[in-house]
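Every chain is numbered from 1, with letters handed out A, B, ... down the list of sequences.
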Amino acid sequence: MERRHRKPGEMALIYILVFISVFSLFAAYKISGFSSLSSPGAFPMFTTIVLVVMALGVWREAKNLSPGPVSGMGEKFREVVNLLFTREVAGIILALVIYSLALEILTFIPATLLFLWGSMLFLKAGKWHKALFYSILNMVIIIVIFNFIFKVVLP
Amino acid sequence: MIDWTHLFLPLTDLSLLFLVAAGVFVGIYVGAIPGLSVTMAVSLLISFTFGWDTLDALALMIGIYVGGVYGGSRSAILLNIPGAPAAMATSFDGYPLAQRGEAGTAIGITVIQSVLGGFLGVIVLAFGAPVISSFALQFAPRDYMLLAIMGILLVGSMGQGSVFRGVFAGALGVLLGLVGMDPLTGQGRFTFNTTSLMGGINYVTAMIGLFGVSEALVQIKDVNMVAVKQKIDRIIPTWQSVIKYLPLSIRTSAIGVLIGALPGTGGDIAALLAYDHAKRTVKNPSRPFGEGAYEGLVAPESANNAAIGGALIPMLTLGIPGDAVTAIIIGALFIHGLKPGPMLMVESAHLFWVIVGSLVLANVFLLIFGLTGIKIFVKLVEIPKAILMPVIIVLSVVGSYSINNNIADIYWMIAFGIAGYFLKIYKFPVGPVILGIILGPLLDVNYRRAMRSVEDNLLAFVTDLFIHPITAVLTIAILVMILSQTGFFKMIAGYFKKEKNDFLS
């Protein structure tokens with residue numbers, strides 16, 4: 001199905017991708033310049049040229065779509081935030097970052113239990129005791145499966 | 001020559017038998033639950049089965065692959081939410097059938113057709129792969145390079161979104177695959193003088209982030225979406241209906257095998273093309289397509305399971321993935337010290353026959369598990385996302401840590417997960433990124449070998465692309481693929497179509 005208008009923040013992302021592509025092209029050039037066609041930098045340069053061309057193609061396609069109904073920087077910024085970072089997504093990303101940092105401080109079992117319980121409560125999986133039950137149940141299943149069946153070292 | 005001992009090993013070795021069965025069972029439910037995917041499950045499995053015997057790990061992955069490709073059809077039928085991309089075409093007629101109270105019949109048809117397609121794919125794999133493998137020994141580095149380019153172009157151009165986005169994603173993956181130490185000279189590339197990047201980007205971590213965490217975040221955006229429930233009865237189809245649809249089933253299975261065998265394309269594209277074929281060729285469907293036609297289930301379901309056997313052909317014989325799942329399985333083979341390609345069939349031929357045997361067994365278990373346990377399935381699919389998604393995230397953390405027991409891999413996984421989430425929101429496909437990460441180093445090394453063989457002479461390199469038969473075929477195929485996307489080609493095609501219409505009228 002053809003899209004009729006750009007999503008909020010789409011052009012900004014595309015500009016970022018064009019920038020990354022051009023930056024990568026320079027980084028590829030710095031590997032070995034134009035020294036030879038079989039140098040370590042030759043194929044990276046070819047790849048990054050394709051990346052730049054495709055990024056410009058994406059830019060052109062998006063330019064041809066009609067912009068969304070919203071105007072004004074403030075409104076547009078709010079639309080981008082509403083699209084990308086709903087309450088649930090923002091909360092879980094934050095929880096995930098905290099969880100990964102907490103793994104080294106609290107160790108796996110307490111950090112994971114807190115993450116599971118907190119996330120389920122935050123996502124409104126049910127009352128606190130129901131979320132705690134599911135967290136503990138999943139924790140036990142994970143430990144049994146990964147410690148005893150897969151013999152994986154847990155974080 | 002068939003190695004019967006290893007072909008029957010999955011049947012005679014109890015642990016392999018159990019692992020194939022467990023894989024199919026788990027795969028059906030993983031494929032069926034929207035938000036989980038076969039690619040996610042197999043990418044997590046690579047890290048979890050790292051310490052296992054290679055055959056055990058492969059048996060489990062093959063089982064999950066077969067079960068998962070079928071499993072997506074269940075939620076497509078019952079909930080109108082395809083559990084896997086390969087089941088998208090199944091929902092066109094599957095859900096309308098369920099709305100008519102024929103969900104059981106729909107499920108029965110999808111199981112039988114998946115098994116029939118799966119068996120056809122295995123037969124082609126068993127007899128075709130050894131032939132292709134001996135033929136592949138004649139492949140030069142430039143041929144591997146062209147096949148890898150074809151794979152990225154195919155997966156980038158035949159997906160749902162724009163070609164530019166698809167090929168951009170593929171090129172991005174190739175770029176990520178080049179990060180680290182150059183395998184031929186030891187020079188750092190895209191490392192920015194950072195020691196930690198000299199080892200490159202761990203593709204398993206990238207896979208888990210791009211397929212696991214990013215999808216969990218996308219699902220969390222719609223965390224309150226409620227599934228619609230359906231009544232299930234009359235599952236097992238009659239023999240008459242199986243025989244009636246057999247000609248269509250064989251044709252669409254053939255489409256599935258061919259599409260699966262092309263590097264970069266898999267069950268999802270096979271299913272869509274098969275559905276399109278059925279619409280064009282079936283003159284009197286049971287009902288109009290889109291309103292619950294049985295043929296609308298037969299075609300995609302036989303094609304997507306046949307594509308499994310097809311996808312394994314380039315994976316095993318050339319070391320080039322047939323789709324995203326086989327890209328991950330290649331990663332698993334590397335981790336176990338094996339190198340997929342023509343020499344695999346020479347040095348580790350037993351592995352090939354064990355895979356074929358596992359596939360046959362997996363299709364048998366698919367028949368058993370597919371026709372049973374529907375009520376359990378309905379309960380599982382109703383698990384709220386608020387409970388399921390945090391568990392998926394924890395599994396992703398465990399999986400990425402278990403590769404090197406390095407906490408930094410978790411941070412990389414989170415970064416890929418968030419990047420993948422942004423890409424998905426803005427309609428960039430992530431499948432090509434993974435394919436690119438796997439194919440990037442292969443492309444680079446083969447390009448440089450091909451270039452060095454002509455002593456960096458560009459004219460000789462280009463000439464070689466057209467004068468050697470195998471290379472010429474691949475070059476022309478790639479040129480056609482590229483040109484078919486341009487306005488010039490479409491104008492020419494439109495001119496010929498007008499000429500044909502004028503001639504016929």
- Item | A:Leu51 portion near chain B, given a 4.5 angstrom heavy-atom threshold | both

- Which residue pairs pass the ring pair (Phe, Tyr, Trp, His ring centres under 6.0 Å) test when at least one of the two sits in residues 88-125 of chain A, sequence neighbours left out? A:Tyr99-A:Phe115

- Task: Among the options A:Pro40, A:Ser24, A:Gly9, A:Ser119, pick out the one with the most heavy-atom pairs lying under 4.5 Å from chain B.
- Result: A:Pro40

- Count the heavy atoms of every other residue, nucleotide or ligand shown that sit under 6.0 Å from OH of A:Tyr134, and state whether that count exceeds 12. no

- Query: Which region of B:Asp444, side chain (C-beta onward) or backbone (N, CA, C, O), has a non-hydrogen atom less than 4.5 Å from a non-hydrogen atom of chain A, or is it both or neither?
  - Reply: both

- Item | Separation between CG of A:Leu132 and NZ of A:Lys130, rounded to the nearest 0.5 Å | 13.0 Å

- Please flag which part of A:Ala95 lies under 4.5 Å from any non-hydrogen atom of chain B: side chain, backbone, both or neither. neither

- Residue from A:Ala27, A:Ser36, A:Ser100 scoring the most non-hydrogen pairs under 4.5 Å with chain B is A:Ser100

- Message: Between B:Lys427 and A:Glu10, does any side-chain N to carboxylate O distance fall below 4.0 Å?
- Response: no

- Message: Give the interface residues of residues 450-458 of chain B toward chain A, defined by a heavy-atom separation under 4.5 Å.
- Response: B:Met451, B:Arg452, B:Asp456, B:Leu458

- Task: Examine whether an atom of B:Val213 lies under 4.5 Å from a heavy atom of chain A, and if so say whether it belongs to the side chain, the backbone or both; otherwise answer neither.
- Result: side chain

- Message: Please classify the contact of B:Ile425 with chain A as side chain, backbone, both or neither, using a heavy-atom distance under 4.5 Å.
- Response: both

- Choice from B:Val394, B:Leu184, B:Asp182, B:Thr185 maximising heavy atom contacts with chain A below 4.5 Å: B:Val394

- Per-residue contact mode, A:Ile31 against chain B (heavy atom under 4.5 angstrom): both

- Query: So what's closer than 4.5 Å to chain B heavy atoms on A:Ile14: side chain, backbone, both or neither?
  - Reply: side chain

- Item | Region of A:Thr86 that comes under 4.5 Å of a non-hydrogen atom in chain B | side chain

- Note on the structure: Turns out that what part of A:Ser39 lies under 4.5 Å from chain B's heavy atoms comes down to backbone

- Item | Engaged part of A:Leu96 at the chain B interface, taking heavy atoms whose separation is under 4.5 Å | both

- chain A contact via B:Phe168 - which portion, at a heavy-atom distance below 4.5 Å: both

- Query: Can you tell which of A:Leu56, A:Leu84, A:Ile20 has the highest number of heavy-atom pairs within less than 4.5 Å of chain B?
  - Reply: A:Leu84

- Message: Looking only at heavy atoms and a cut-off of under 4.5 Å, which of A:Ile141, A:Leu13, A:Val52, A:Val58 has the most pairs with chain B?
- Response: A:Val58

- When every non-hydrogen atom of A:Met45 is compared with those of A:Gly33, the smallest separation belongs to SD-O, 3.8 Å

- Query: Is the ring centre of A:Tyr15 less than 6.0 Å from the ring centre of A:Phe19?
  - Reply: no

